[in-house]
Amino acid sequence: MTQLPLPWFARSAASVASDLIGCRLLVDGVGGLVVETEAYDRSDPASHSFAGPTSRNASMFGPPGHAYVYRSYGLHWCMNIVCEPGSAVLVRALEPMAGLDRMRARRLTTDPHRLCAGPGRVCQALAISGEHDGRPLDRAPFVLLARDQPVTVMSGSRIGITRGVQTPWRFLLAGSRFVSRPLPRGRPS
DNA sequence: GGATGGATTGACT
DNA sequence: GTCAATCCATCCT
């Protein structure tokens, strides 16, 4: 079990997003396998960083390997991991592995496939909020471990955006039933 | 100063 | 399938 060092994130978000599939993310001992991510970068019209730094997205322009946590639709939290400046990877789904009891209590559901399937659900299950914005992923309460076995990564179009729709920067663990939505039938985009 | 819409989710028809 | 919840950046007047 190897903790990913912060410089590991100092490269393109798409590259990090693909390599994060199969890694393990824990917050205070609660978490699991990363099975779904999306990449966003400075040149991407769908990205919060597209129009430059603001108070909300300041962490996206901070050091790599730190969290960028923002509020979505006024009520949910979404967690990203910062890569090269102005780019980040959105953590969209985990396969629950540790702290299932705490996840169930926070999420008010017992279905293991609904505990961490979606960016808002991941943050609720792991109790991630604005307090974690800007904090480094190599220190408590975070633990982020490298893959301990090889994985097959699939890619497709990102979810819930209106611009940059064609960019295939959503990454999934092949065959996982813990993703927020399956890839469309047929050839991946 | 006000209106609009979003990297979402859960409840409901 | 539709809709409301509700924060904040952006765009308009």
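Numbers restart at 1 for each chain; the letters A, B, ... are given by sequence-line order, proteins then strands.
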Proximity to DNA chain C (any heavy atom under 4.0 Å), residues of residues 68-91 of chain A only
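Contacts with DNA chain C under 4.0 Å: A:Arg71, A:Tyr73, A:Gly74, A:Leu75.
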
Of the residues in residues 117-126 of chain A, which ones touch DNA chain C at a heavy-atom distance under 4.0 Å?
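Correct list: empty, so none.
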
Joint cluster assignment, A:Phe50 & A:Trp169, ILVMFWY side-chain distance < 4.5 Å
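As far as the 4.5 Å side-chain criterion goes, A:Trp169 and A:Phe50 are not connected within one cluster.
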
Under the rule for ring pair (Phe, Tyr, Trp, His ring centres under 6.0 Å), what residues qualify as partners of A:Phe171, not counting sequence neighbours?
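Scan of A:Phe171 (ring pair (Phe, Tyr, Trp, His ring centres under 6.0 Å), adjacent residues dropped) gives none.
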
Residues which pass ring pair (Phe, Tyr, Trp, His ring centres under 6.0 Å) with A:His132, listed by chain and number, not counting sequence neighbours:
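Checked A:His132 against ring pair (Phe, Tyr, Trp, His ring centres under 6.0 Å); matches are A:Phe142.
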
What range of DNA chain C does chain A touch, first nucleotide to last, counting atoms under 4.0 Å from its heavy atoms?
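Taking any atom under 4.0 Å from a heavy atom of chain A, the span is C:dA5 to C:dT10.
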
Pairs touching residues 164-173 of chain A that satisfy salt bridge (charged side-chain N to carboxylate O under 4.0 Å, His left out), sequence neighbours left out
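The answer is A:Glu36-A:Arg170.
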
Selection: residues 31-51 of chain A, any non-hydrogen atom under 4.0 Å of DNA chain B:
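Nucleic-acid contacts, sorted: A:Tyr40, A:Ala46, A:His48.
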
Close approaches to DNA chain B from residues 11-28 of chain A, in residue order (heavy atom, under 4.0 Å):
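Output list: empty, so none.
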
Calculate the interatomic distance between A:Arg181 atom CZ and B:dT8 atom C1'; express it in whole Å.
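For the pair A:Arg181 CZ and B:dT8 C1', the rounded distance is 12 Å.
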
Euclidean distance, atom CZ of residue A:Arg158 to atom P of B:dT8 [Å, nearest integer]
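My rounded result for the distance is 11 Å.
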
Who are the side-chain contact (heavy atoms from CB on, under 4.5 Å) partners of A:Cys123, not counting sequence neighbours?
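Partners of A:Cys123 under the side-chain contact (heavy atoms from CB on, under 4.5 Å) test: A:Trp77, A:Met79, A:Ile128.
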
Using the side-chain contact (heavy atoms from CB on, under 4.5 Å) criterion, which residues pair with A:Pro53? Sequence neighbours excluded.
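In terms of side-chain contact (heavy atoms from CB on, under 4.5 Å), with neighbours along the sequence ignored, A:Pro53 is linked to A:Asn57, A:Phe61.
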
I'd like the C1' distance from C:dG1 over to B:dA7, given in whole Å.
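Pairwise C1' distance, B:dA7 against C:dG1, rounds to 23 Å.
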
Mind checking which stems touch DNA chain B? I mean at least 3 consecutive Watson-Crick or G-U pairs, both distances under 3.5 Å.
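DNA chain B forms these stems: B:1-6 with C:7-12, B:8-12 with C:1-5.
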
What pair of heavy atoms forms the shortest contact from A:Leu115 to A:Ala125, and how long is it?
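Between these two residues, the closest heavy atoms are O-CB, 3.6 Å.
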
Between N or O atoms, less than 3.5 Å apart, protein on one side and nucleotides 1-4 of chain B on the other: list the pairs.
none

